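Beneath this line is the structure, given in structure tokens, with notes to follow.
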Amino acid sequence: MEHTSSSGKAAPTTTSKDLSVLPADNVEYGSYEYWQQRYIQESNESFDWFKTYKDLAVLFSKHIDSKDARILMLGCGNSTLSGDMYDDGYENIVNVDYSDVVIDQMRQRTAHQPKMSWEVMDVRELTLEDGSIDVAIDKGTLDALMCEKGDVWDPSPELCNNIAREIDEVNRVLAPGGKFIWITFGQPHFRKRHLVRDGWEIEVERLNDGGFDYFVYVVSKRK
């Protein structure tokens, strides 16, 4: 991914390999303070959870009907995904994250891609109009919210409420016929239960390039 430097020229960012940004406990992945500090440390770096656009391009072309679709990137972070999608023709992207630090960084990096926007927003309290989004994408954000100590088979009421808040907001902002694409390492018996909503049809796909299994939950909102 490239960003615009102070000289006005595009310059490459580096992929974060700094192990010091990793939390002492995975529970911290659900902490606002953790992400603020991490993005300060990764001020000129990018990090992609699970997969990059190269790995997902075929999947997106299958499930996103038009490159003119209005796309919501939930918990965008400093991923290269939106920038790479933009370069491939998906220019109408609304990127949201609750970290003002990373949103400011990404606005600067993508100044040469002016048609997409970057907004400070909590995925559990989206300030978007009802039915205004064609496709919502979550790649790792819900997984971060799910990090807690305890039994994965019996998640806490607090965790379930956090997940429900994001899912309900996605349901609200999706237009009839819209899609929610969730990319995760979570298997269906852990994840699918969180997606059950009236008017939603759920399809599950598996991604495997010879290594770790990832799962894609594609939810279609009935018209």
Side-chain angles (χ1 to χ4, degrees), residues 1-18 21 29 35-36 38-123 126-128 132-144 166 170 173 178-185 207 209 214 216 218:
M1 182 179 180
E2 295 182 335
H3 74 285
T4 303
S5 68
S6 59
S7 65
K9 297 180 180 180
T13 57
T14 59
T15 300
S16 176
K17 297 179 181 178
D18 182 3
V21 301
Y29 282 127
W35 289 109
Q36 287 286 81
R38 175 165 175 164
Y39 292 133
I40 290 170
Q41 289 182 246
E42 293 181 325
S43 60
N44 193 37
E45 296 175 322
S46 64
F47 187 85
D48 276 284
W49 296 94
F50 309 151
K51 297 289 183 180
T52 64
Y53 181 60
K54 178 180 68 175
D55 305 306
L56 300 169
V58 172
L59 175 85
F60 288 162
S61 66
K62 175 182 176 182
H63 292 292
I64 302 177
D65 295 334
S66 169
K67 289 191 173 181
D68 294 326
R70 191 177 192 219
I71 298 169
L72 173 62
M73 197 66 68
L74 295 153
C76 58
N78 56 13
S79 167
T80 61
L81 182 60
S82 294
D84 290 343
M85 289 182 70
Y86 191 103
D87 288 341
D88 199 29
Y90 299 95
E91 297 182 344
N92 192 3
I93 304 176
V94 181
N95 299 280
V96 303
D97 201 290
Y98 66 1
S99 169
D100 59 323
V101 172
V102 81
I103 289 297
D104 285 344
Q105 290 171 355
M106 296 305 290
R107 280 182 183 145
Q108 293 178 41
R109 293 183 195 181
T110 61
H112 61 294
Q113 297 169 315
K115 293 182 181 179
M116 64 178 168
S117 64
W118 301 87
E119 306 294 338
V120 178
M121 208 177 296
D122 191 321
V123 296
L126 298 172
T127 55
L128 298 171
S132 61
I133 297 296
D134 299 310
V135 178
I137 298 173
D138 183 303
K139 185 168 72 76
T141 300
L142 277 167
D143 293 78
E166 177 178 342
V170 169
V173 302
K179 291 183 178 179
F180 173 42
I181 301 173
W182 178 15
I183 299 136
T184 171
F185 63 81
L207 296 177
D209 57 5
Y214 295 94
V216 181
V218 180

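A quick note: this is a predicted structure, and the numbers were derived from the prediction, not measured. The figures here come from the full heavy-atom set of this structure, side chains too, leaving out hydrogens, waters and symmetry mates.
Note that CG of Leu74 is 6.0 Å distant from CZ of Phe180, once rounded to the nearest 0.5 Å. To the nearest 0.5 Å, atom CG of residue Asp134 and atom CZ of residue Arg70 are 8.5 Å apart. To the nearest 0.5 Å, atom CD1 of residue Ile71 and atom CG of residue Asp68 are 9.5 Å apart. The CG atom of Leu142 lies 11.0 Å from the CD1 atom of Ile183; values are rounded to the nearest 0.5 Å. For the atom pair CG (Leu59) and NZ (Lys51), the distance works out to 11.0 Å, reported to the nearest 0.5 Å.
Not counting sequence neighbours, the partners of Asn95 by the side-chain hydrogen bond (donor to acceptor under 3.5 Å, both in side chains) test are Ser82. Tyr98 is linked by a ring pair (Phe, Tyr, Trp, His ring centres under 6.0 Å) to Tyr32, counting only residues two or more places apart in sequence or in another chain. For Tyr39, the ring pair (Phe, Tyr, Trp, His ring centres under 6.0 Å) partners at least two apart in sequence or on another chain are Trp35. Qualifying side-chain hydrogen bond (donor to acceptor under 3.5 Å, both in side chains) partners for Asn92, counting only residues two or more places apart in sequence or in other chains: none.
Pairing each heavy atom of Ile103 with each of Cys76, the nearest pair is CD1-SG, 3.9 Å. Listed here is the closest heavy atom pair of Ile64 and Ala69: CG2-CB, 4.0 Å. Nearest heavy-atom pair, Ser79 versus Lys139, reported as atom, atom and distance to 0.1 Å: OG-NZ, 4.1 Å. Listed here is the closest heavy atom pair of Trp182 and Thr184: NE1-CB, 3.6 Å. Lys67 and Asp88 make their closest contact through NZ-O, 2.5 Å (heavy atoms, listed as atom of the first residue, atom of the second, distance). For the residue pair Gly75 and Asp97, the shortest heavy atom distance occurs at C-OD2, 3.5 Å.
Met85 is not listed as a side-chain neighbour of Leu56, based on a closest heavy-atom distance of 4.5 Å or more. Side-chain contact check for Thr110 versus Tyr86: every heavy-atom pair is 4.5 Å or farther apart. Side-chain contact check for Asp55 versus Tyr214: every heavy-atom pair is 4.5 Å or farther apart.
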Exercise for review: Give the intermediate values and the outcome of side chain to side chain contact (heavy atoms under 4.5 Å, CB included) for residues Asp122 and Glu166.
Suggested key: CA-CA 9 Å; Asp122 191 321; Glu166 177 178 342; over 6 Å; no
Please test Asp138 against Val123 for side chain to side chain contact (heavy atoms under 4.5 Å, CB included), starting from the C-alpha separation and ending with a verdict.
CA-CA 10 Å; Asp138 183 303; Val123 296; 6.0 Å; no
request  = Please assess Arg38 against Val102 for the test side chain to side chain contact (heavy atoms under 4.5 Å, CB included), listing each intermediate value before the final yes or no.
outcome  = CA-CA 9 Å; Arg38 175 165 175 164; Val102 81; over 6 Å; no
| Checking side-chain hydrogen bond (donor to acceptor under 3.5 Å, both in side chains) for the pair Gln105/Asn44: CA distance, chi angles, key distance, verdict? | CA-CA 8 Å; Gln105 290 171 355; Asn44 193 37; over 6 Å; no
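Contacts classified as ring-ring contact (aromatic ring centres under 6.0 Å, His included) and involving residues 52-77 (residues at least two apart or in different chains) are not found. Within the structure, salt bridge (Lys or Arg N to Asp or Glu O under 4.0 Å) pairs that include any residue of residues 112-121 comprise Glu91-Lys115 (at least two apart or interchain).
Defined by atom type and a distance below 3.5 Å, a donor-acceptor pair is missing between the side-chain atoms of Ser46 and Asn78.
Between Lys54 and Asp84 there is no salt bridge, since no side-chain nitrogen of the basic residue lies less than 4.0 Å from a carboxylate oxygen of the acidic one.
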